[in-house]
Amino acid sequence: MDMFDFKMYGPGMHMGGQHKTRSARQPKAPKGGPVTRVLLSLLITLIIGGIYFYVKLPALNIHNEGFYTFIILLCVIFSALMILLQGFRADSVMEYVRYTRKKLAIPFIIVVLAILVALAGTAAGWVVFRAKAYSKLMPMSTGDFASEVSEIGWSQIPLLDEDSANNLANRKLGELSDLVSQFEVDHSSAQINYQGNPVRVNYLNYSDFFKWWNNRKDGIPAYIRIDMRTQDVDVVRLDEGIKYSPSEYFNRNLLRHLRFHYPTLMFDDVNFEIDDEGTPYWIASVMVKRIGLFNGSDISGAVLVNAVTGETQYYSIEDVPSWVDRVYSSSMIIEQYDYYGVYHNGFLNSIFGQKDCTETTDGFNFIAQDDDVWLYTGITSVTGDRGNIGFILVNQRTKEARYYSCAGAEEYSAASSAEGAVQQFSYRATFPLLLNISDQPTYFMALKDAAGLVKMYAMVNVQQYQIVATGSSVSDCQQKYHALLVENQILPDEEELKADPDAELLEISGKIEEIRCADIDGNTIYYLRLEKGDVYYTVSAKDYPLAVILNEGDSVAISYYASDEMLIEAEKLDIRS
């Protein structure tokens, strides 16, 4: 007899043992029937899943871990609804479990398969077995320091870091009464190359939901552009406001807008850039997984979103427009080089022996070169010996990567040396750039005050980082650095100071409207401003003794190299009658 065939006593039964028998009852289905329950459960599951998708925005892609979470969540919700709608109508718990398990076999199988696939995909990308594949994510070529880095001119070197640029943007916004009460500066700016100059563009966010509600019709009316060379800050007002951004709500939210147009794509980073005409765009990098299901992150292309109209266009990595400067994020570039540096000789070597194992230093910076933005970071041994063996430049649009062998002090040691040279001011150094100055590998950095404003510049020799020069302008710093190289017999006495390779020698003439002077290291420097001019030309009394007899109103001719700075060193001075 089946264990669930129970003997039951009904009304009118004799106590003498006579009774009526019946077979075990099956769970009674609630009203509406099984089809109705399934359809209702599916409907509610789809509604809850739709809400989850709208809020969390998982990519419907087998390479996305969130996709498996989404599938499992839907199966759990469906199963819970089926159980709830079915009710408990069996004669025993075991009978109820068997019946329920039979009805929920399909979602159970889906959950098991999802878990197995995810585990298999994770195992397929295990670095123990795929170390070579990881090391090949970033193809690396060897560059020539002298011939390639020397081509970088002063007009391509950013003199501000991200924090300083953000501080300038915040101060500029604070001057605009119509914007500061409604918007705030987003600090996730990306450095780009705009019309040949390194700049950062900061977009604005709505301050809160109510500010968005009041301004949603017109959108965000402007963005802020900071010149990384001159520290000029411009608020660029738009004819039509930005209506698609991370601070928008509902369907105009940038990530939701992207997900609805590209439900299967995975996005790594979304950057704010402007094209050559100043039109704002969002550059959404499309991520793919090269190793197993979930490992070996790389970029296959980018989706460009017009921030004003919301129009979207996908480009494969080789077809991304040249004005776009950042497709590969800094974190991905650093990660891929570290894979290359650690695993290019195999996984076992990365654990035992560690022959030729290298990694990036704890910091990076950017250089504008070849109309692109290149990420710079130092390379050091994994043993952490506080010294660099070289550095890399990586194009953030194409991922072209070049390694330059250059042994010397690592960046933070050089920064500390520069800060020590001006310790009386308590300035803080930005992360250094490695440049070729006077044919010497040199760390260049800006020195900032407590408010984050750039006050001075420093140059530190890589091989001998006790050689430190500081100056109030780049040209002044370069002159002092060159003199130190000669003094320390690194350069011969007759070695001439090389000007900025990009600079053009110009001449200007006119009457002196203002003269100022200052004693710097025992040498009198004269600062001359000509009529209708807003820059000062510096003249050393040591080099031009006649400068001491100049008066306001005198006519002069000054030769100088083109520069965007407020202080420009005069290469030649002629007094005209």
Side-chain angles (χ1 to χ4, degrees), residues 42-78 80 107 110-111 114-115 117-118 121-122 186-188 190 203-206 208-209 212-213 216 219-220 242-273 280-290 292-317 320 326-332 335:
L42 281 174
L43 177 61
I44 298 175
T45 300
L46 290 175
I47 292 173
I48 297 176
I51 295 173
Y52 178 88
F53 181 82
Y54 190 84
V55 174
K56 302 297 288 185
L57 303 174
L60 305 182
N61 190 309
I62 63 171
H63 295 282
N64 177 32
E65 295 94 329
F67 174 69
Y68 295 87
T69 302
F70 186 45
I71 292 298
I72 293 172
L73 177 65
L74 293 179
C75 291
V76 170
I77 293 172
F78 175 79
I110 293 174
V111 168
I115 294 174
V117 170
T122 301
D186 190 277
H187 289 171
S188 59
Y203 60 90
L204 304 179
N205 287 324
Y206 296 102
D208 53 46
F209 177 82
W212 167 79
W213 183 265
R216 70 189 189 284
I220 301 171
I242 293 173
K243 295 186 174 64
Y244 295 85
S245 73
S247 64
E248 285 282 350
Y249 291 84
F250 307 115
N251 288 359
R252 278 182 10 193
N253 176 271
L254 176 62
L255 297 181
R256 191 164 291 117
H257 183 71
L258 282 166
R259 176 58 64 228
F260 288 170
H261 280 76
Y262 303 93
T264 63
L265 295 185
M266 297 183 294
F267 297 105
D268 172 56
D269 212 4
V270 182
N271 304 299
F272 184 74
E273 294 194 26
Y281 279 87
W282 297 102
I283 314 300
S285 304
V286 178
M287 182 171 59
V288 293
K289 304 292 184 177
R290 304 289 190 193
L293 276 180
F294 309 124
N295 302 96
S297 298
D298 204 3
I299 300 299
S300 64
V303 174
L304 274 59
V305 183
N306 187 303
V308 176
T309 65
E311 296 177 358
T312 64
Q313 179 66 52
Y314 171 80
Y315 295 90
S316 59
I317 196 65
V320 172
R326 182 173 173 176
V327 178
Y328 289 87
S329 66
S330 304
S331 58
M332 181 175 289
E335 179 184 72

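None of the values given here were measured: they were computed from a predicted structure. Along the sequence shown, residues carry numbers from 1.
- At least one donor-acceptor pair under 3.5 Å links the side chain of N253 to the backbone N or O of E248.
- Taking the six-membered ring for Trp, Y54 and F260 have ring centres closer than 6.0 Å.
- Aromatic ring orientation, Y249 versus F209: perpendicular (interplanar angle above 60°, classes split at 30° and 60°).
- Side-chain contact between S331 and D269: absent, with no pair of heavy atoms (C-beta onward) separated by less than 4.5 Å.
- Residues Y314 and S300 are in side-chain contact: their nearest non-hydrogen atoms beyond the backbone lie under 4.5 Å apart.
- No donor-acceptor distance shorter than 3.5 angstrom exists from the side chain of R256 to the backbone of L57, with no hydrogens or angles considered.
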>> Is there a side-chain contact (heavy atoms from CB on, under 4.5 Å) between L304 and I283? Walk through the geometry before answering.
In response: CA-CA 5 Å; L304 274 59; I283 314 300; 3.7 Å; yes
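- Partners of D208 by side chain to side chain donor-acceptor pair (under 3.5 Å), not counting sequence neighbours: none found.
- Y262 and F267 have perpendicular rings, their planes meeting at more than 60° on a 0 to 90° scale where under 30° would count as parallel.
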> Given I242 and F272, is the side-chain contact (heavy atoms from CB on, under 4.5 Å) satisfied, shown in steps?
Replying inline: CA-CA 12 Å; I242 293 173; F272 184 74; 4.0 Å; yes
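- Under the side chain to side chain contact (heavy atoms under 4.5 Å, CB included) rule, L265 has a single partner from V303, N64, L60, which is V303.
- Inter-residue side-chain proximity for Y68 and L293 is flagged as met; some heavy-atom pair is nearer than 4.5 Å.
- Annotation: side chain of I48 is not in contact with side chain of L73 (no heavy-atom distance under 4.5 Å).
- One N or O on the side chain of R252 and one on the backbone of K243 form a donor-acceptor pair closer than 3.5 Å.
- In terms of modelled atom types and a separation under 3.5 Å, the side chain of H63 and the main chain of F294 share no donor-acceptor contact.
- The backbone N or O of Y281 lies less than 3.5 Å from no partner atom in the side chain of Y244, so there is not a single donor-acceptor pair.
- The structure places CG of N271 at 13.5 Å from OH of Y328, a figure rounded to the nearest 0.5 Å.
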